[in-house]
S.K.: 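The structure is given below, and queries will be raised subsequently.
In what follows, every heavy atom counts, from backbone to side chain, and hydrogens, waters and symmetry copies are set aside. Atoms within each ligand, like the ligands themselves, are counted from 1 in listed order.
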Amino acid sequence: MKKIFAANWKLFKSPKETREFFTQFKELSSKATGEVVFFPSAISLEATSTSLQGTNIKWGVQNAYFQAQGAFTGENSAQVVKELGGTYVLIGHSERRKIFGESDALIADKVAFTQSLGLIPMLCIGETLEEREAKHTFRVCETQLLQGLSKADKSKPVVIAYEPVWAIGTGKVATPEQVAETHTDVFSILQKLGFEQSPILYGGSVKPDNAAGLIKQPHVNGFLVGGASLEAKSFIDIATV
Ligand code: PEP
């Protein structure tokens with residue numbers, strides 16, 4: 001399976017900073033050993049689209065509503081992302097779940113709508129520290145997958161990003177053993193649901209110095225990277241493992 005290296009820029013980088021980043025990144029990008037995907041903030045999508053024209057670097061939006069247009073103040077349209085040349089929609093990131101109260105039911109609608117447009121949902125799942133300590137990691141991943149994929153089309157692509165919440169933006173990366181165990185569990189759940197073709201990315205404090213150890217683990221098909229994707233050199237170092 002091809003590897004995927006995805007960058008989640010959260011609420012960082014203006015359109016100007018985005019253009020400057022890609023001027024530098026495009027020179028390095030041919031070294032990447034898999035597909036590279038960027039999720040800039042919505043206001044920098046057009047700068048991303050223009051900067052990446054004529055390259056094989058993919059991009060998408062960090063969140064999009066499950067309708068193409070209408071009275072949904074503040075939301076993003078996946079249809080517009082498609083028109084601009086985007087490929088992916090990031091769905092159910094833990095910050096969307098926690099800060100913006102997104103439910104598994106809403107996430108399921110977003111996954112289905114994204115697929116209906118021919119875009120690829122990248123569905124994020126993962127447990128909190130309390131859930132891991134209570135040994136509920138499997139159950140949490142199973143519920144989030146079962147519900148998040150409940151309206152998804154098995155014949156169309158979906159990418160899964162396993163991101164333990166306690167590892168996101170904390171510098172506390174999961175150990176290779178924890179990643180191996182949970183990715184094997186996630187794969188078995190996907191198999192049971194009929195989505196075993198879906199790549200499973202790991203996310204949570206991935207850095208150039210821990211990426212090589214993590215990519216070797218079973219069922220790790222790439223990474224979703226936050227902080228370390230904001231600088232071209234560190235992201236390409238991760239995308240060349
Ligand atoms: C993320 O935002 O999805 C993420 C994994 O962030 P970081 O790499 O900074 O932990």
S.K.: What I'd like to find out is whether the side chain of Phe39 reaches to under 4.5 Å of the side chain of Val61, using heavy atoms alone.
M.R.: no

S.K.: Please enumerate all residues that pass side chain to side chain contact (heavy atoms under 4.5 Å, CB included) together with Glu142, with sequence neighbours excluded.
M.R.: Phe138, Ile189, Lys192

S.K.: With a 4.0 Å cut-off on N to O distance, would you call Arg97 and Glu102 a salt bridge?
M.R.: no

S.K.: Out of Glu95, His93, Lys110, which residue meets the side chain to side chain contact (heavy atoms under 4.5 Å, CB included) rule with Asn63?
M.R.: Lys110

S.K.: For ligand 1, would you mind listing the residues that have at least one heavy atom less than 4.0 Å away, ordered by chain and number?
M.R.: Asn8, Lys10, His93, Glu163, Ala167, Ile168, Gly169, Gly203, Gly204, Ser205, Leu224, Val225, Gly226, Gly227

S.K.: Report yes if the distance between the aromatic ring centroids of Phe38 and Phe22 is under 6.0 Å, otherwise no.
M.R.: yes

S.K.: Could you tell me whether a side-chain N or O of Ser198 sits under 3.5 Å from a main-chain N or O of Val158, the two making a donor and an acceptor?
M.R.: yes

